[in-house]
2 protein chains.
Amino acid sequence: MAAFEPLTPERRRAMTRQHLLEAAAMVFARDGFQRSSLDEIAATAGFTKGAVYSNFKGKDDLFLAVLEERFERGQSAIRGALDTEMHTEAEWMPRIASAIRESMWDDNWTMLFLEFVLYTARNPDSRAKFATHVRRTLKWSEELISQEYEAAGTPPPFAPADLAIISMCMFDGLGVYRLVDPSFTSDRTLRAVLHFLSETIGFDEGATSS
Amino acid sequence: MAAFEPLTPERRRAMTRQHLLEAAAMVFARDGFQRSSLDEIAATAGFTKGAVYSNFKGKDDLFLAVLEERFERGQSAIRGALDTEMHTEAEWMPRIASAIRESMWDDNWTMLFLEFVLYTARNPDSRAKFATHVRRTLKWSEELISQEYEAAGTPPPFAPADLAIISMCMFDGLGVYRLVDPSFTSDRTLRAVLHFLSETIGFDEGATSS
DNA sequence: TAGGCAGCATACCGATGAGTATCTAGGATT
DNA sequence: AATCCTAGATACTCATCGGTATGCTGCCTA
């Protein structure tokens, strides 16, 4: 638990807030935003509704706080999983594959993500913020692709920005289909998708065509 | 209005049922499943809640009926838009592009689709049926791709089944991103995606490989 | 150590909405 | 024309839940 800090009142408060966020993420994903009750969220965290209203303005505020927190976390998780140098397909394939499975294809995350999408689609006020997060993720993906192109020394046959949105949509889309039936995302399919991407994009210099 | 049929009681009943389904699709997409009230759905259709319970077992049954109806409709819509022979990219590109926009990227449909996904993900009983629908769509897409390969006379570099799920996920994924910000799916991006697919899959016989 | 206050608990209110029970009217049947 | 019957309307119940107002308790300050 890190270097045992003396639990000041501020830290206690931060901890309850964190517990509430954690519980909220669970319950929202499991039951959906509307069906989730603040009582149950609080109880799951080991508190009561008072703790919620002491840390958040209301249900919507809590939901949006979960959104922020999860995006930050996801960002750093993927970043951490991918920032090591990987050159041959045999080298990066298993790493990327498990990163996708663990970070993007976690069912709880996918359901939360869809709840976010639907919520923000219906609440124009918060939609802009969500769009900003997505844009940041896309930008990061785009840069990653550009770097790979530079490393490979080949001219991009497609604009990195397009490839970024293409791959993100593909993985997110597969995550959604996975909710419908996990067998849609078998290992074989995932490897096919990754191979498809790498060959098309052209990272792998010695790729065998066909 | 077809050949003026004399409005038997059965036809009246079928019409109210249809109106209810239509209204339900609208309201469910706009407000979400949980937040939609049967009173408002009935009122939107020009009836009262009594009509709903006379035609459906309850809210869930209505929702699932909407699901069935929309999948049937979507299936035939896409099929109708694509079953004409198209060979050159300049020929099929605009047709496909507008078909995608109108059939798959209709915001109402996307939101309904996501509601379906989340609902069935939480209701294992109905998930199997939903998966069946999705599987049928995938199968249809797979056959379409296989036919194109046969017509082109080239051996598929990727399994048609994989390509089917890849393209479906990509378009659905883009539809989701479109909810977050329509500018993610500009004409330029859509054309890039279609070009990306066609070149990668290899339909276009004279495709320039990288 | 006495007071104050912040964090959370408890108790309550009001609105909402799914489901049900009952009623009614208008077409079908004889 | 008298009757029936069903689609749909109306009226009600009851549980749920977001929000608020208030109460309590333990840690900080003086």
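Just the heavy atoms: all of them, side chains too, but no hydrogens, waters or symmetry mates, feed the values below.
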Could you check which of [options] has an atom nearest any side-chain atom of [X]?
X       : options                : value
A:Leu38 : C:dG17, C:dA9, D:dG19  : D:dG19
A:Ala51 : D:dA9, D:dG19, C:dA9   : C:dA9
B:Ser54 : D:dG8, D:dG18, C:dC8   : D:dG8
B:Lys49 : C:dG17, D:dT20, D:dA11 : D:dA11
B:Ser37 : C:dA18, D:dG8, C:dC8   : C:dA18

Can you check the [X] [atom1] to [N] [atom2] distance for me, whole Å?
X       : N      : atom1 : atom2 : result
A:Glu10 : C:dG7  : CD    : P     : 8 Å
B:Asp60 : C:dG17 : CG    : C1'   : 14 Å
B:Arg17 : D:dT6  : CZ    : P     : 18 Å
A:Asp61 : D:dG18 : CG    : P     : 14 Å
A:Arg35 : D:dA15 : CZ    : C1'   : 13 Å
A:Ile41 : D:dG19 : CD1   : P     : 11 Å
B:Asn55 : D:dT6  : CG    : P     : 14 Å
B:Asp39 : D:dG8  : CG    : C1'   : 14 Å

Residue closer to the 5' end of DNA chain C, B:Arg12 versus B:Ser36 (nearest nucleotide):
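Result of the comparison: B:Ser36.
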On DNA chain C, nearest-nucleotide positions of B:Gly50 versus B:Lys59: which is more 5'?
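Looking at DNA chain C, the more 5' nearest nucleotide goes with B:Lys59.
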Under 3.5 Å, is there a donor-acceptor pair between the B:Ser186 and B:Thr189 side chains?
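Their side chains do contain a donor-acceptor pair, which is all the 3.5 Å distance test asks for.
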Given the ring of B:Phe33, does B:Lys59 sit roughly above its face, with NZ or CZ under 6.0 Å from the centre of the six-membered ring and within 45° of the axis?
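Because its charged atom sits under 6.0 Å from the ring centre and within 45° of the axis, B:Lys59 does stack over B:Phe33.
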If you compare every side-chain N and O of B:Thr16 against the phosphate oxygens of D:dA7 (OP1, OP2), does one of them come in below 4.0 Å?
no
Would you say a side-chain N or O of A:Tyr53 is under 4.0 Å from OP1 or OP2 of D:dG19?
yes
Rounded distance [0.5 Å steps], CE in B:Met93 versus CG in B:Leu194:
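So the CE of B:Met93 and the CG of B:Leu194 are separated by 5.0 Å.
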Inspect the contact between A:Arg73 and A:Glu22 and indicate whether a charged nitrogen and a carboxylate oxygen are less than 4.0 angstrom apart.
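Salt bridge between A:Glu22 and A:Arg73, a charged N being under 4.0 Å from a carboxylate O: yes.
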Centroid separation under 6.0 Å, is that true for the rings of B:Phe63 and B:Phe56?
no
